[in-house]
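Take a look at the structure below.
Residue numbers start from 1 in every chain, and the chains themselves are labelled A, B, ... in the order their sequence lines are given, proteins ahead of strands.
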Amino acid sequence: MTPMTEKTPDLNPAQADAVNSTDGPLLVLAGAGSGKTKVLTHRIAHIVGSGKARPEEIVAITFTNKAAAEMKARLGAICDPSARNMWVMTFHAMCVRMLRIDAERVGYTNRFTIYDADDSKRMLKAAMAQAEVDEKRYPVAGVANRISSAKNELIDPDEFAASAITPMDKAAARVFPLYQRRLKDCNAMDFDDLLVEAHRLLADHPDVLDRYQSRFRYVLVDEYQDTNHAQYRIVKLLAERHRNLMVVGDDDQSIYSWRGADIRNILDFEQDYPEANVIRLEQNYRSTATILAAANAVVANNLGRKAKTLWTANAGGEAVTSYKADDERDEARFIAREIERLRLSEDHGYSDFAIFYRTNAQSRTLEDALLREGIPYQIVGGTRYFDRAEIRDVMAYLKILINPLDAISIQRIINKPKRGIGKTTVDRIAQVSIDDAESFETTLRRFSAGDFGSGPAAKVRPFVELIDEIRAMNEHSLRDQVERIIDRTGLLQELANEGTVESSGRAENIREFFGVAEEYAATHANSSEAGADIATQLADFVEWLALRSDLDSMSGDQETVTLMTVHTAKGLEFPVVFIAGLEDTLFPHVNSIFDPAGLEEERRLAYVAITRARERLYLTHARNRSLFGSTRSNPPSRFIAEIPRECLKADAPVRTQSFLSGTVSQKPVVGAASNVEFQAGDRVEHKVFGIGVVKQVSKDRVTVDFGSKGVKNLMVGFAPLRKIAS
DNA sequence: TGGTTTAGAGTTTTT
DNA sequence: CTCTAAACCA
């Protein structure tokens with residue numbers, strides 16, 4: 001097409017084809033490990049390099065920040081024209097970007113707040129109370145799900161009410177409009193609203209749509225199998241003019257249907273765009289032939305998938321190892337020992353290993369075993385740093401500065417630190433603000449002025465003064481601004497007065513947050529214009545925080561084993577992978593086991609997990625597993641049986657050893673001695689966490705503060721812990 | 001108002 | 001079992 005297209009030496013024919021097919025709709029079915037990011041980036045470089053479009057005429061949409069960051073990094077490496085004006089970002093970030101520009105068009109101001117799941121839940125509870133929907137009969141989570149699904153399908157409250165049949169749906173239908181009204185009154189959007197409102201902006205405002213349609217000559221979407229209806233419609237609108245839409249995905253890796261992802265978006269792409277070109281990337285560069293054969297064999301049991309056969313030129317490699325453990329402790333111990341064995345015998349670093357599990361509840365046992373073996377690890381996902389109460393408090397303070405209508409955040413911190421403002425007062429203010437149709441802060445100020453008695457006024461006034469003071473602050477750097485605000489709130493002082501291990505840990509987290517602000521300012525200096533006022537920087541920072549996940553903080557450079565759920569693992573790869581808990585009722589999970597579609601999704605999940613492995617794969621299951629107190633015996637996962645026999649080998653249980661340490665672990669012989677061995681104030685050294693100070697000693701555990709490595713609760717006698725001074 | 005106790009829930013959660 | 005959140009009492 002263009003003379004420069006052949007400057008793509010290390011692309012296979014299918015990849016090159018995808019890179020060069022720039023005109024018209026294109027569906028790339030990219031199997032696991034087939035180099036789709038490479039194709040995406042080279043294609044963009046080709047479009048820019050051949051002069052078909054300027055960087056600002058391209059938008060590349062991903063699902064995760066990590067994927068967006070990787071794409072940006074790799075773009076930077078292959079094409080020089082810096083992708084500064086190119087939009088390479090997640091769906092949500094793109095929507096926010098559009099909404100910040102034209103928020104008024106959909107009835108918000110551009111200072112709108114993004115509510116995360118926790119904020120939304122609080123708001124929903126209030127709306128449910130107002131609608132007199134009983135939380136006992138209709139759990140908040142259930143109502144939240146209905147409303148979320150409706151939004152993902154672009155169903156508005158009226159339409160939802162019209163089609164509500166079940167009592168649950170009818171209850172949700174009563175709450176939905178109230179919830180939405182409250183969000184708007186707060187100038188706030190939940191995650192789903194970002195998509196809904198961005199879609200509304202494009203669909204209802206032809207001039208806005210025209211602006212983007214003419215600008216974006218090329219639209220690229222990664223992980224297309226995960227798009228929900230709202231995302232599908234947004235993409236459709238954006239790409240309608242030029243029809244240069246490339247979507248990349250793998251129907252076999254669709255594992256988010258429960259979040260609204262609609263697999264039909266990828267399956268029906270050819271119907272939507274009859275002129276579409278379809279290219280299959282079927283050569284896998286990641287895994288050994290054995291691992292790939294196992295993955296193929298498992299997913300082949302699914303019906304209704306796009307026909308494709310992943311193959312590899314890689315060597316056969318080791319057989320997949322399966323291990324039948326006695327129980328989950330034995331399983332964890334096996335994994336820990338195997339990691340140590342391979343690390344020493346095959347020259348692997350800790351970061352070469354990953355352990356996947358179906359449910360977060362499984363991580364604890366695995367952690368214990370790793371800790372005992374002295375193996376450094378990091379858990380990705382689960383409770384995230386930014387989800388911690390103290391960090392959310394800090395963020396709530398920042399949010400109310402940006403958006404004074406944000407009632408959820410102001411209620412969160414109205415009594416943090418304690419000011420003697422209890423539930424009764426808060427409820428009264430909230431009620432008046434609803435009744436008088438004014439913002440919470442406005443009502444709060446009337447309370448402060450004494451309109452509702454002098455008692456509440458005295459309690460509330462210092463808080464109002466605090467808000468005014470911190471709103472007026474204007475430091476030179478973002479970090480200083482945040483630090484000064486938080487210092488004035490007295491949060492840290494309160495924690496210091498508490499003087500417990502927990503409180504000092506929380507204070508440490510808050511101080512770490514100042515570092516986050518500093519780091520943000522340093523790495524985003526250009527995004528919010530050098531010299532942008534501090535308020536703008538703060539708003540950008542808060543937005544960035546709202547759209548980040550735990551995955552983003554996963555440090556690839558650390559020498560640690562990685563633990564995560566299979567869902568979180570999508571898109572990643574590791575030389576050695578352990579999949580734990582491969583038992584029927586756990587993986588596949590009970591809740592999906594009797595539903596054919598659910599079971600197929602579990603199978604895709606297994607496929608995703610297996611295809612993360614490059615060299616070695618271990619599948620483990622336990623004969624007996626204690627979960628939530630009771631022990632159950634689960635049969636091995638049906639997915640193991642779906643793997644061809646020749647790909648598998650069983651590892652014999654290390655019975656004597658496991659029995660021995662099992663005994664020891666149940667009777668903490670050293671526990672009694674531990675009180676003598678360690679006491680609060682001792683300086684200790686841990687094989688993994690380094691130097692720390694003992695904070696608390698109980699019968700068999702010690703709580704040690706490792707500073708930046710965190711506060712850990714360790715088993716005395718098992719943890720590689722050594723006293724260095726008292 | 002605020003600390004304590006008890007009751008309930010526990011699949012997955014890219015943003 | 002274990003963590004969180006609502007109910008409860010001082």
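In this structure, CD1 of A/I429 is placed 10 Å from P of B/dT1, rounded to the nearest angstrom. Atom pair A/L627:CG and C/dC3:P shows a separation of 14 Å (rounding to whole Å applied). Atom CD of A/E223 is separated from atom P of B/dT13 by 16 Å (rounded to the nearest Å). Here B/dT15 presents its P atom at 5 Å from CG of A/N65, a figure rounded to the nearest Å. The separation between A/Q225 atom CD and B/dT14 atom P is 16 Å, rounded to whole Å. For A/E367 and C/dC1, the CD to P distance is 19 Å, given to the nearest whole Å. Rounded to whole angstrom, the span from the CE atom of A/M98 across to the C1' atom of B/dT15 amounts to 16 Å. The interatomic distance linking A/E135 (CD) with C/dA7 (C1') rounds to 13 Å, in whole Å.
Between A/F356 and A/F578, a ring centre-to-centre spacing not shorter than 6.0 Å is recorded.
Contact annotation for A/F91: no contact, since no heavy-atom pair falls under 4.0 Å across all strands. Looking at heavy-atom distances under 4.0 Å, A/D226 makes contact with a base. The residue A/G629 sits close to a base: some heavy atom pair falls under 4.0 Å. In this structure, A/T568 reaches the sugar-phosphate backbone alone: every heavy-atom distance under 4.0 Å involves primed, P, OP1 or OP2 atoms, never a base. Residue contacts shown for A/D192 are absent, as no nucleic acid heavy atom lies under 4.0 Å away. Here A/T425 lies in heavy-atom contact (under 4.0 Å) with sugar-phosphate atoms only.
Classification of A/E70 and A/R74 as a salt-bridged pair holds, one side-chain N sitting under 4.0 Å from a carboxylate O. Between A/D327 and A/R625 there is no salt bridge, since no side-chain N of the basic residue sits under 4.0 Å from a carboxylate O of the acidic one. Ion pairing of A/D190 with A/K151 is present here, as a side-chain N (NZ or NE/NH1/NH2) and a carboxylate O approach within less than 4.0 Å. By the 4.0 Å N-to-carboxylate-O rule, A/D119 lies close enough to A/R392 to be salt-bridged with it.
Nearest heavy-atom pair across A/S363 and A/L563 is O-CD2, 4.3 Å.
Comparing the C1' positions of B/dT14 and C/dC3 gives an interatomic distance of 25 Å, to the nearest angstrom.
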Please list, for nucleotides 3-5 of chain B, all pairs of protein and nucleotide N/O atoms separated by less than 3.5 Å.
none

Provide a list of protein-nucleic acid N or O atom pairs under 3.5 angstrom, restricted to nucleotides 8-11 of chain B.
residue : atom : partner : partner atom : Å
B/dT11  : O4'  : A/H589  : NE2          : 3.1
B/dT11  : O2   : A/R358  : NH1          : 2.8
B/dT11  : O2   : A/R358  : NH2          : 2.4

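Ring geometry for A/W544 versus A/F541: interplanar angle under 30°, hence parallel rather than tilted (30 to 60°).
OP1 or OP2 of B/dG2 has at least one side-chain nitrogen or oxygen of A/N415 nearer than 4.0 Å. A/R364 has no side-chain polar atom (N or O) that falls below the 4.0 Å cut-off from OP1 or OP2 of C/dC1. Close to B/dT14, at under 4.0 Å from its OP1 or OP2, lies no side-chain N or O of A/T90. Between A/S626 and the phosphate of C/dC1, there is no side-chain N or O to OP1/OP2 separation shorter than 4.0 Å.
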Apply side chain to side chain donor-acceptor pair (under 3.5 Å) to A/Y115 and A/D406, showing your working.
-> CA-CA 10 Å; A/Y115 278 171; A/D406 181 352; 2.4 Å; yes

Given ring pair (Phe, Tyr, Trp, His ring centres under 6.0 Å), test A/H567 with A/Y256 step by step and report yes or no.
-> CA-CA 8 Å; A/H567 282 90; A/Y256 282 104; 5.3 Å; yes

From CA spacing to verdict: side chain to side chain donor-acceptor pair (under 3.5 Å), A/N509, A/E390 = CA-CA 8 Å; A/N509 286 334; A/E390 61 275 16; 2.6 Å; yes

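Looking at A/N265, its side chain never comes within 3.5 Å of a backbone N or O of A/Q225 through a donor-acceptor pair.
Between A/I421 and A/A93, the residue whose closest nucleotide on DNA chain B is further toward the 5' end is A/I421. Sequence order on DNA chain B of the closest nucleotides to A/W258 and A/G420 puts A/G420 first from the 5' end.
Note that CD1 of A/I263 is 10.0 Å distant from CZ of A/R305, once rounded to the nearest 0.5 Å.
Consecutive Watson-Crick or G-U pairs involving DNA chain B, each under 3.5 Å on both distances, make up stems of three or more pairs at B:1-10 with C:1-10.
Within the cation-pi definition used here (under 6.0 Å to the ring centroid, within 45° of the axis), A/R264 does not qualify as a partner of A/Y232.
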